[in-house]
Structure formats: C-alpha cells, structure tokens
Amino acid sequence: MAISILRRMTTEEAMLEYADHYERASGYRVPTDYLARSVVYGFRRRGRTIGGVVMSASPPFRTLQRIPAQAQPAVRKRVRPDDTVELTCVWLDQELRRGALSAVFWLGLFLETSRHGARNVMFGTESPGLHRLYLCGHPEVVYEGPV
C-alpha cells in the first residue's frame with residue numbers, strides 16, 4: 001500500500017481554501033483557474049490545512065514565464081514538456097517551517113512527484129533553504145537564477 005502524506009484537493013471548496021491559505025502565507029492570490037488545471041495537494045494536521053503544493057504536468061509552465069527573458073530560450077530547449085512536472089505555490093505555515101513537520105511535508109511532496117513518473121521537475125524558489133534542500137537530490141540544474 002502506498003503512503004500518502006499529502007491529500008489531493010479536488011472540490012471547488014478545497015481549491016478556495018487552498019487559495020486563501022496560500023494568499024495568507026505568500027501575499028499572492030493564485031488564480032483558481034490555474035488550480036483547476038493542476039493537481040493541488042494539501043498537507044493537513046488535526047483537520048486543518050497547514051501547507052500544500054500545486055503540481056502541473058502540462059505547459060505553459062509558470063516558472064518559465066517568470067525567469068528573465070534572455071534566459072528563456074535556452075531553458076525552453078532543455079525542458080521536455082512531455083516529461084516534466086512543475087511544482088508551484090508551495091507553502092507551509094510559518095511556525096512549521098523548521099523541524100519534523102517540515103521534513104514530513106517535503107517527503108510527501110517528493111513522493112507525489114515521483115508517483116507522477118516524470119523525470120524532470122521544474123521548481124522555482126526565492127528561499128535559500130528550499131533551494132539547498134532541493135539541491136540535496138543532486139538534480140541536473142537547467143536554470144539557476146532570479147524568478
């Protein structure tokens with residue numbers, strides 16, 4: 001039996017809940033039409049959503065649109081749209097970003113990413129800690145810089 005740490009959010013109510021929590025955590029309101037086109041996972045504790053991630057497996061990838069224009073052509077050549085999953089709108093309640101629950105959240109995220117079967121993951125972050133964590137897996141880095 002597969003371990004499932006993150007819960008897939010599928011209803012309109014769950015999508016709105018996700019958007020509300022993400023906005024409080026980041027200051028950005030993710031469009032609900034983007035959530036509807038993607039797979040949204042929530043991380044729950046004691047019946048409350050405390051984190052989550054949006055996973056998209058089909059272009060257009062938002063991360064590509066956010067990198068500097070001069071870098072986009074080279075990155076687009078290296079990204080295989082049929083074998084890439086994009087992780088966006090990642091959040092975890094501020095007080096839980098260090099410690100055991102943070103590690104459990106990231107384990108769940110990596111498990112769900114691996115279940116998708118794509119060999120490439122696109123993940124943009126401005127957080128130095130998340131950047132270091134991601135690099136622990138020794139990925140082939142296609143682009144590194146501002147988003």
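Quick caveat: nothing in here was measured; it's all calculated off a predicted structure. If you read the sequence from its start, that first residue is 1, and numbering goes on from there.
- With a 6.0 Å radius and a threshold of 12 heavy atoms from other residues, nucleotides or ligands, Glu23 has its CD atom above the threshold.
- Remark: the backbone N or O of Gly51 is not paired with any side-chain donor or acceptor of Tyr41 at under 3.5 angstrom.
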* Hey, mind stepping through Asp33 and Arg37 against salt bridge (charged side-chain N to carboxylate O under 4.0 Å, His left out) and telling me if it holds? -> CA-CA 6 Å; Asp33 67 318; Arg37 290 192 314 267; 3.3 Å; yes
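- Remark: Ile50 CD1 to Leu101 CG distance equals 5.0 Å, nearest 0.5 Å.
- Looking at Glu86, its side chain does come within 3.5 Å of a backbone N or O of Thr63 through a donor-acceptor pair.
- Within the 3.5 Å criterion, the main-chain N or O of Gly99 finds no donor-acceptor partner in the side chain of Ser102.
- Arg24 CZ to Asp93 CG: the interatomic distance, rounded to the nearest 0.5 Å, is 8.5 Å.
- Under the ring pair (Phe, Tyr, Trp, His ring centres under 6.0 Å) test applied with Phe43, the options Tyr18, Phe105, Trp106, Trp91 reduce to a single match, Phe105.
- Here the OH-SG distance, from Tyr28 to Cys89, works out to 6.5 Å after rounding to the nearest 0.5 Å.
- Note: the hydrophobic cluster containing Tyr34 does not contain Leu64 (ILVMFWY, side chain heavy atoms under 4.5 Å, direct or indirect links).
- Inter-residue side-chain proximity for Met9 and Thr49 is flagged as met; some heavy-atom pair is nearer than 4.5 Å.
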>> Between Arg44 and Glu17, does the salt bridge (charged side-chain N to carboxylate O under 4.0 Å, His left out) criterion hold? Intermediate values first, please.
In response: CA-CA 12 Å; Arg44 297 182 61 84; Glu17 176 189 9; 3.7 Å; yes
